[in-house]
Protein chains: 2
Amino acid sequence: MSKLLVAEIPRECGDCPIRHRAVCARCEADELELLDQIKYYRTYEAGQTIVWSGDRMEFVGSVVKGVGTLTQTMEDGRRQVVGLLLPSDFVGRPGRETATYDVVATTDTVMCCFRKKPFEEMMVRTPHIAQRLLQMTLDELDAAREWMLVLGRKTAREKIASLLSIVARRDATLNLHAGGPIEFELPLTREAMADYLGLTLETVSRQINALKREGVIELKGKRQVTVPDFDRLSEEAGDDSDGGMLS
Amino acid sequence: MSKLLVAEIPRECGDCPIRHRAVCARCEADELELLDQIKYYRTYEAGQTIVWSGDRMEFVGSVVKGVGTLTQTMEDGRRQVVGLLLPSDFVGRPGRETATYDVVATTDTVMCCFRKKPFEEMMVRTPHIAQRLLQMTLDELDAAREWMLVLGRKTAREKIASLLSIVARRDATLNLHAGGPIEFELPLTREAMADYLGLTLETVSRQINALKREGVIELKGKRQVTVPDFDRLSEEAGDDSDGGMLS
DNA sequence: GGTTTGCATTGATGCAGATCAAACGCGCGA
DNA sequence: TCGCGCGTTTGATCTGCATCAATGCAAACC
């Protein structure tokens, strides 16, 4: 059923896995060749589970196209999304055998994968890959901690605005956006958003429509979002905008 | 005012910073010597801020004794603790100039510090330090994500039980505890707990006393906690106890 | 001893968001 | 074209926790 073609795989995925987020200038030709040897692509349909929590992980990799979530579930069914996977994000944990979370594709998704064992061996032999991975992990840690503030202290409206703000920002940087209204496709169902934000899907629906009524966002259909004024959205999210007042 | 003496500094802090959590078997004599040259101790009183968010970080290090928090504050004063710092935890972020969070000592605290610049240089020359740091950061990331589930989906009572459970577990492993009731000093004020759990201090107080009334915990004074049955506490926290049912 | 000061507890009340319940709308296969 | 199913919206009601306001209580200081 997957409608993704190999032709759609972005060019920049050709080389170093680390290049997805930021160019790794120190990757040498022979390293790239080695990486190419252990590299392969996998495609997933919307809704498909990529990895089950507890399963043996046999690869690491990064998202090339599409969106996924890292999800944790309690015995009684309460669910929390603990991470969003947007294009360029890294998945997998070197040095750990089994997955800690469910990884689910929320849209049709292409992953660039590396067999775990050879990748780990390469990490040992190539120090700057470990160093780059450390940077990426520290970024993820910052993101997780920022999200703790969202979950612990923000109102439903602020939570929604925070989520939209994050997706909008990522989308804008990915497409080298320069000023003007930002437009993007919301890659999550109301339920997935609720699970990310610690809300119910009903509350998500109500708050999104409230933001729409008040002109903070515009909606075409249920998923296509336009943000006419990003600063306004940030303000709704409760982020320090501070417009450069900081020293 | 600090009543901590040099004599109280634990022995195992003498060598590799990475040794605090787990012995780093690969540290060689000359590396240890190098680390010793850039190492120094700092003590802080309860309530003292170790680093202000936005400040220049001039050291990294790990907690030797005492407890601290990483805190994020919104403009309007809402506060969220995004990380607990227990003995052996690492503080600071190699490769970043300024601190992202307030670091606050909640009890009298001893830190083992390394000047940041030389430490970073050492990291480049000594790959396994970066690798060890990567492991530690991945552990922290897991902890942060587990906490996202707590913040997003658990009830006030479960939140309290989760916090007690974490502190109890850390305390038990640190003191090589073997069976029987666990006893420890709660290192946080009601307010700090509230800020960690995304609650108000009143709710924290009520729920703690509810757990006490129902015999899940015992209290001596306001801080000294006894956990007669750790499994019972885990259950209250909503953790999968599963007692070995899992394959 | 009295007073201050800084947590912690306790009680009364209100509200944001959960829960329960229905209906809508839209794509898709028969 | 119909109707089925899934994601979404909308409405009515309930409730867990926040909020506001005292009060308690022990250590520190005069």
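Order of the sequence lines fixes the chain letters, A, B, ..., with proteins taken first and strands second; residue numbering starts at 1 for each chain.
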Visitor: Hey, is Arg206(B) close enough to Glu202(B) for a salt bridge, meaning N to O under 4.0 Å?
Guide: no

Visitor: If you look at every strand shown and take non-hydrogen atoms under 4.0 Å, does Arg223(A) touch a base, only sugar-phosphate, or nothing?
Guide: sugar-phosphate

Visitor: Rounding to an integer number of Å, can you tell me how far Arg190(B) CZ sits from dG6(C) P?
Guide: 18 Å

Visitor: dA8(C), dT8(D), dT10(D): which one has an atom nearest the side-chain heavy atoms of Asn209(A)?
Guide: dT10(D)

Visitor: Got a donor-acceptor pair under 3.5 Å from the side chain of Gln207(B) to the base of dC17(D)?
Guide: no

Visitor: Students often get this wrong, so: under 4.0 angstrom with heavy atoms, is Thr189(B) touching a base, only sugar-phosphate, or nothing?
Guide: sugar-phosphate

Visitor: Can you label the angle between the Phe59(A) ring and the Tyr40(A) ring as parallel, tilted or perpendicular, going by 30° and 60°?
Guide: perpendicular

Visitor: Checking only heavy atoms, does the side chain of Glu191(A) share a donor-acceptor pair with the base of dC6(D) at less than 3.5 Å?
Guide: no

Visitor: Rounded to whole angstrom units, what separation is found between the CZ atom of Arg206(A) and the P atom of dC20(C)?
Guide: 14 Å

Visitor: If you check the Ser205(B) side chain, which of dA8(C), dA18(D), dT9(D) turns out closest?
Guide: dA8(C)

Visitor: Which is true for Leu199(B) with a 4.0 Å heavy-atom rule: it touches a base, it touches only sugar-phosphate, or it touches nothing?
Guide: sugar-phosphate

Visitor: Taking any heavy-atom pair under 4.0 Å as a contact, classify Gly198(B): base, sugar-phosphate, or nothing.
Guide: sugar-phosphate

Visitor: Salt bridge check, Arg153(A) against Asp195(B): does any charged N sit closer than 4.0 Å to a carboxylate O?
Guide: yes

Visitor: State whether the side chain of Ser205(B) and the backbone N or O of Leu201(B) hold a donor-acceptor pair below 3.5 Å, judged by distance alone.
Guide: no

